[in-house]
**Student:** 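Encoded as structure tokens, here's the structure I'll be asking about.
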Amino acid sequence: MQLIDGKLKKEEIIKEISAEAIEFKNKFGRSPHLAAILVGNDGASETYVAHKVKACEQANFDSTLIRYDENISEEELLNKIKEINNNSNIDGLIVQLPIPKHISEQKVIETIDPKKDVDGFHPTNVGRMLIGLPSYISATPAGIMELFKRYKIETSGKHCVVIGRSNIVGKPMSVLMGQKTYPGDSTVTLCHSRTKDIKSITLQADILIVALGQAEFLTADMVKEGTVVIDVGITRVKSDKTKSGWKLKGDVKFDEVASKCSFITPVPGGVGPMTIVSLLKNTLLAAKKEIYF
Ligand code: GUN
């Protein structure tokens, strides 16, 4: 069994991106610039955004964090997005999700200029990805693809089972793994809450990508020997052993599954750190205008 060390790969990639950011600054007189909007004070969102801002510093990017109270109106938020769309000093824009219920998530996503949509959530980017055109690919699937590359994991002709059909992870992941590329060229099965006898399917998987957000869902009896297991779950569960009062659990029962795998990602330290570098990579692509021109 080989552990896929996302934290280590993140450090490696940040160094690479940082060198490119310096080159960009020498050429254009400014650094790649990511803007993040955070609405309200959800604990997990605060942590994610803080990690994104810190990663920008490490990679020699500029970042702007815009915070709003949870009572901000939809109109005010959309106007801010439009203002950033028109600001030529900002290359990428993300609005951290979830946002309060009185604001339409879809309107927010569709108001972001696809050229600055470094989260890859805009239908234009999702559609372009589906037909294999250059696009911003959302951070978690892009991070997983990068791990396959960096660990030289064979994907061609393999049976890849994706569990979870979210717009952010499961759906794009299933498309990317089926594409005629490396990584890709897999035969893909997408499982979800209505899938019958899921174990009979997971037992056929050469690659298992688990993204349903249910702590320790995947147990050893659901995995065949030699499977590559990618755990996307990060659920906060109560713990009296930590100062914060909670700890992070993946969707995979790591202790019993790991010994059966050829490769496995831990939680934390697997997929999570890679999502951050994917966001930076997309921001660099946006700054260099490599996706749209
Ligand atoms: N909330 C959870 N994951 C993400 C993400 O990748 N991007 C944004 N904007 N919000 C999120």
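Bear in mind that the values here come from a model prediction, so they are computed numbers and not experimental data. Ligands are counted one by one from 1 in listed order, and the atoms in each one are counted from 1 as well. Nothing fancy with the numbering, it's 1 onward along the sequence.
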**Student:** At what distance is the nearest protein heavy atom to atom 4 (C) of ligand 1, and which residue and atom is it?
**Tutor:** Gln96 NE2, 4.0 Å

**Student:** Which of the numbered atoms in ligand 1 are below 4.0 angstrom from a heavy atom of Val95?
**Tutor:** 8 (C), 9 (N)

**Student:** I'd like to know if Arg150 pairs up with Glu146 as an ion pair, taking the criterion as any Lys NZ or Arg NE/NH1/NH2 lying under 4.0 Å from an Asp or Glu carboxylate oxygen.
**Tutor:** yes

**Student:** Any ion pair linking Arg67 and Glu46 (charged N to carboxylate O, less than 4.0 Å)?
**Tutor:** yes

**Student:** Salt bridge between Lys180 and Asp185, side-chain N to carboxylate O under 4.0 Å?
**Tutor:** no

**Student:** Do Glu83 and Lys80 meet the salt-bridge criterion of a basic N to acidic O distance under 4.0 Å?
**Tutor:** yes

**Student:** Please report which non-hydrogen protein atom sits nearest to atom 1 (N) of ligand 1, along with the residue it belongs to and the distance in Å to one decimal place.
**Tutor:** Leu97 O, 2.9 Å

**Student:** Using distance alone, decide if ligand 1 has a nitrogen or oxygen within less than 3.5 Å of any nitrogen or oxygen in Tyr48.
**Tutor:** no

**Student:** Of the protein's non-hydrogen atoms, which lies at the shortest distance from atom 9 (N) of ligand 1, and what is that distance?
**Tutor:** Asp119 OD2, 2.7 Å

**Student:** If the test is salt bridge (charged side-chain N to carboxylate O under 4.0 Å, His left out), which one of Lys288, Lys115, Arg30, Lys116 qualifies with Asp91?
**Tutor:** Arg30

**Student:** Using heavy atoms and a 4.0 Å limit, tell me yes or no: is Lys52 in contact with ligand 1?
**Tutor:** yes

**Student:** Could you tell me whether Glu216 and Lys249 have a side-chain N and a carboxylate O separated by less than 4.0 Å?
**Tutor:** yes

**Student:** Non-hydrogen atoms of Phe121 versus ligand 1: any pair closer than 4.0 Å?
**Tutor:** yes

